Amino acid sequence: MASKVYDVVVVGSGPSGGTLSAHLARAGVDVALVEGGPRINTRTDFNTHAMPFEFANRHIPTMKPGKQGFDSERARGVGGKSLTWNAVAWRYSQRDFKGRVHDGAGEDWPIDYKDLEPYYTKIEREVGVCGNRDGLEDLPDGEFLPPVPMKCSDLIVKRGAEKLGVKVIHVRKSTLSKAMFGRPACHFCGNCMAGCDVVAKYNSADCHIVPAQKTGKLEVLSNSIVREVMVSDENRVTGVRFLNRETKQEGEVRGRVVVVSCACAQSVGLLMMSKSRLYPNGLANSSGQLGKNFIPHFTGGVQCFLGELKGKPAANDEGFLDHAYVPSFMHNRKRDYARSFGIQFNYQNRRAVGWAREIPGFGKSYKQAVKDRYPAFLTFSPYGEMLPHAKTYLDLDYEKKDVHGLPMVRRHVTWSEHDWKLFREMTEWSKRILTAAGAEILAVGEEPRTNHELGGARMGNDPKTSVLNKWCQSHDVKNLFVVDGSVFPSASEKNPTHTMMALAARTAEYIAESLKKGEL
C-alpha cells in the first residue's frame with residue numbers, strides 16, 4: 001500500500017468526501033478514500049425501526065447489537081454522517097454568499113451563487129431532491145422531484161403563519177418521492193435519522209461511492225483513522241498517516257494531492273495535529289486563522305400541542321420526519337440585527353415521549369392527558385446564523401485523548417450580543433406563529449444550542465484572513481484541499497449539506513482539470 005502513489009487521497013467518506021471521490025473517479029482520477037469507520041451494510045446494520053422498550057434505559061443505539069460503526073467522532077463508517085442525516089437540501093442564495101455586502105456584517109464568500117449554481121443542479125440530478133419551486137429570492141429553486149404532501153399538523157401551522165404574513169413551504173430533501181436510480185421512493189416507514197434501509201434517502205456510500213468503485217479508479221480504505229497529513233520539505237503534502245481502528249497499527253497512504261473532508265471540527269483538528277518544521281502551529285496555518293471563525297448554526301426550540309389535534313386518534317407520522325418549512329422572512333423587515341433565521345418543525349421522534357414528564361397529573365387522568373396530547377405534539381426549531389467572532393473557535397485538548405489516543409477537538413462557544421438578539425427574535429416569532437395556529441405552548445428553550453458545525457478553515461481571497469482560496473485549495477500548500485463545512489465563511493440559516501456537496505463537485509472538477517494540465 002505504501003509503495004503506491006495515488007493521484008488523490010481523500011480523507012472522509014461523508015457527503016463531501018463521498019461526492020468528491022466519486023466525481024474524481026468518474027473523471028479518470030486514481031483515488032484512495034480513507035475512512036476511519038468500518039463498512040456498514042445500510043440495509044441491515046441500523047436500528048431503523050427499533051422501539052425504546054427493546055433497550056436498556058429506553059435508549060436506542062444507532063447500530064444493531066453486534067454491528068460496528070459510529071463509535072466515535074473519528075470513526076463513523078463508510079458514508080459518514082450521510083447515513084443518519086435528515087437529508088434537508090437547500091440551495092444558498094446570493095445573499096447568503098455575500099452577507100457582508102447586504103447586511104454589513106459577517107464575511108463574504110470568495111464565490112457567488114452563479115459559481116455554484118451548475119453544481120447544485122448537477123447534484124440534484126445525481127441524487128434526487130424532492131421539493132416545490134416556490135420562487136423565493138432567498139431560497140433558489142432547483143431541479144426537483146415532486147414534493148411530499150404536508151401533514152395535517154403542517155397545514156394547521158401554515159394557516160396560523162399566513163395570518164402573520166409568513167410563508168410555510170414544502171421541505172426540500174435528498175430523498176426520493178418517486179423511484180429512480182434503482183432506488184425506491186420513500187414509503188414513510190421510520191425516522192430518517194435512524195438510517196434508511198432502502199436508500200430512498202441519499203447516503204454517500206450507496207449513491208456515490210459504490211457506483212464509483214465500478215470505474216476501477218476508487219479504492220476505499222475503511223477502519224483507517226487518519227492522524228496526520230504529511231508534508232515534504234518542498235512544501236507539498238505527500239499523503240496521510242493513519243491508525244488501523246481494529247489493530248491500532250500505523251500505516252500510510254501516499255498521493256499527489258490530499259483532500260481533507262472529515263467534517264468540520266475533525267478536519268480542523270486533523271490539520272492542527274499535522275505539525276511539522278514548516279508548520280509548527282498546524283498544517284496550512286501561516287495565517288493563524290485555522291480553528292478561528294467557527295460559526296455553528298444555533299437553534300431555539302418550542303414544544304407545543306396543536307389544539308385541533310388534541311384527542312384525535314393517534315397516527316404514526318414519523319416517517320420522513322419534517323414535510324414543511326418556514327423559510328427566512330426577516331431580510332426585508334426592520335430589525336436591529338444582521339442576517340435572518342428559518343424554522344424546521346414537526347421532525348420529532350415519536351418513539352420517545354419525554355415531553356410526557358412535563359404533563360401534570362397522576363393516575364388515570366394523567367394517562368388520558370398524555371394520550372390526548374400525543375397526536376397534537378409538535379416541535380418548532382428555528383435556526384439562526386452566528387457571525388464570526390474571537391471567542392468562538394476550535395482547538396485541540398492535548399490533556400483529553402479519544403479512544404484512539406488522539407487529542408480531542410474542543411469547541412469554544414460564546415454567544416455574542418448579535419446571537420442573543422437573533423435568538424430572542426426567532427423564539428418570539430416561533431411562539432407567535434404557534435399561538436396563531438391555536439397551539440398550547442408546553443416549553444420554550446431559554447438559550448441557544450449549537451447545531452450544524454461550520455467554519456474553522458474558511459475560504460477567502462486574502463491569505464492573511466483565510467485558510468483556503470475559492471477552490472477550497474490551501475493558500476499555503478498548493479496540493480492540499482479541504483472540502484466540508486469547515487470551509488464556510490458564513491453559515492446562512494439553511495442546512496449546509498447540499499452546499500457542501502455542490503462545493504465538492506466543483507472542487508473535484510478543478511482538481512481533475514489541474515492534474516491533467518500538470519498544475520498539481
Side-chain angles (χ1 to χ4, degrees), residues 86 88 150-169 171 191 193 297-318 321-330 333 335 337 340-363 365-385 415 419-451 493:
N86 190 22
V88 175
M150 292 189 187
K151 305 176 189 178
C152 292
S153 48
D154 299 330
L155 296 174
I156 293 170
V157 172
K158 184 177 181 180
R159 287 202 306 268
E162 285 173 348
K163 297 175 184 177
L164 305 173
V166 174
K167 287 182 178 292
V168 173
I169 66 171
V171 76
N191 187 314
M193 289 187 279
H297 281 149
F298 60 87
T299 63
V302 180
Q303 296 181 333
C304 71
F305 304 104
L306 294 176
E308 289 184 47
L309 297 180
K310 281 200 289 188
K312 300 293 184 182
N316 179 11
D317 65 352
E318 184 179 68
L321 297 179
D322 44 332
H323 291 216
Y325 178 70
V326 179
S328 166
F329 59 90
M330 292 301 296
R333 298 181 185 234
R335 63 199 193 282
Y337 55 85
S340 185
F341 59 89
I343 305 173
Q344 286 185 252
F345 66 98
N346 224 352
Y347 62 103
Q348 59 267 18
N349 180 350
R350 291 196 176 276
R351 290 174 289 179
V353 195
W355 55 264
R357 299 186 183 94
E358 306 301 320
I359 303 301
F362 186 76
S365 62
Y366 166 74
K367 292 178 181 178
Q368 189 61 49
V370 173
K371 288 180 180 179
D372 287 345
R373 284 166 174 76
Y374 181 82
F377 181 69
L378 183 79
T379 59
F380 223 61
S381 298
Y383 282 64
E385 177 180 348
W415 304 116
D419 300 333
W420 276 111
K421 284 181 178 180
L422 182 51
F423 173 76
R424 293 188 186 103
E425 183 82 340
M426 66 192 200
T427 299
E428 286 304 310
W429 269 103
S430 296
K431 292 191 295 183
R432 207 175 301 171
I433 292 168
L434 292 171
T435 300
E440 169 196 334
I441 305 295
L442 173 67
V444 179
E446 296 182 354
E447 63 181 31
R449 301 186 304 272
T450 59
N451 200 280
E493 76 288 343

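The structure displayed is predicted, hence computed values, not measured ones. Position 1 is the first residue of the sequence; numbering continues from there.
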Between Phe380 and Phe345, how do the two ring planes meet: parallel, tilted or perpendicular, split at 30° and 60°? tilted
Check: Gln344 and Asn86 side chains under 4.5 Å, non-hydrogen atoms: yes
What's the shortest heavy-atom distance between Tyr366 and Pro360, and which atoms? CD1-O, 3.8 Å
Nearest-0.5 Å distance, NZ of residue Lys158 to CD1 of residue Ile169: 10.0 Å
Whether over 12 other heavy atoms sit under 6.0 Å from Lys310 NZ: yes
Passes side-chain contact (heavy atoms from CB on, under 4.5 Å), Ile441 versus Leu434? Steps please. CA-CA 8 Å; Ile441 305 295; Leu434 292 171; 4.1 Å; yes
Please check this pair: side chain of Lys163 against backbone of Ile433, looking for a donor-acceptor N/O pair closer than 3.5 Å. no
Would you say the side chain of Trp429 lies within less than 4.5 Å of the side chain of Val166, judging by non-hydrogen atoms? yes
Of all heavy-atom pairs between Gly384 and Leu422, which one has the smallest distance, and what is that distance? CA-CD2, 4.0 Å
Distance-only criterion, 3.5 Å: show the donor-acceptor pairs between side-chain atoms of residues 299-308 and protein atoms not counting sequence neighbours.
unit_1: Thr299; atom_1: OG1; unit_2: Arg449; atom_2: O; d: 3.4
unit_1: Glu308; atom_1: OE1; unit_2: Arg159; atom_2: NH2; d: 3.1
unit_1: Glu308; atom_1: OE2; unit_2: Arg159; atom_2: NH2; d: 2.6

Ignoring hydrogens and angles, write down the donor-acceptor pairs under 3.5 Å from the side chains of residues 347-358, residues two or more places apart or on other chains.
unit_1: Tyr347; atom_1: OH; unit_2: Ser381; atom_2: OG; d: 3.4
unit_1: Tyr347; atom_1: OH; unit_2: Tyr383; atom_2: OH; d: 3.3
unit_1: Gln348; atom_1: OE1; unit_2: Thr379; atom_2: N; d: 3.4
unit_1: Gln348; atom_1: OE1; unit_2: Thr379; atom_2: OG1; d: 3.2
unit_1: Gln348; atom_1: NE2; unit_2: Asn346; atom_2: OD1; d: 3.2
unit_1: Gln348; atom_1: NE2; unit_2: Phe377; atom_2: O; d: 2.9
unit_1: Asn349; atom_1: OD1; unit_2: Arg351; atom_2: N; d: 2.9
unit_1: Arg350; atom_1: NE; unit_2: Asp317; atom_2: OD1; d: 2.5
unit_1: Arg350; atom_1: NH1; unit_2: Tyr374; atom_2: O; d: 3.0
unit_1: Arg350; atom_1: NH2; unit_2: Phe377; atom_2: O; d: 3.3
unit_1: Arg351; atom_1: NE; unit_2: Glu318; atom_2: OE1; d: 3.3
unit_1: Arg351; atom_1: NH1; unit_2: Thr48; atom_2: O; d: 3.2
unit_1: Arg351; atom_1: NH1; unit_2: Ala50; atom_2: O; d: 2.8

Could you measure the distance from the CZ atom of Phe298 to the CD atom of Glu493? Nearest 0.5 Å is fine. 11.0 Å
Show your reasoning for whether side-chain contact (heavy atoms from CB on, under 4.5 Å) applies to Val88 and Asp322. CA-CA 9 Å; Val88 175; Asp322 44 332; 4.0 Å; yes
State, with a plain yes or no, whether a side-chain heavy atom of Phe341 is found less than 4.5 Å away from one of Glu385. no
Heavy-atom distance under 4.5 Å between the side chains of Phe423 and Pro382, does that happen here? no
Do Leu309 and Ser153 come within less than 4.5 Å of each other through their side chains, counting heavy atoms only? yes
d(Ile359 CD1, Asp372 CG) to nearest 0.5 Å is 10.5 Å
Measure the CD-CE distance between Glu425 and Met330 for me, rounded to the nearest 0.5 Å. 4.5 Å
If you measure from OG on Ser340 to CZ on Arg333, what distance do you get to the nearest 0.5 Å? 9.5 Å
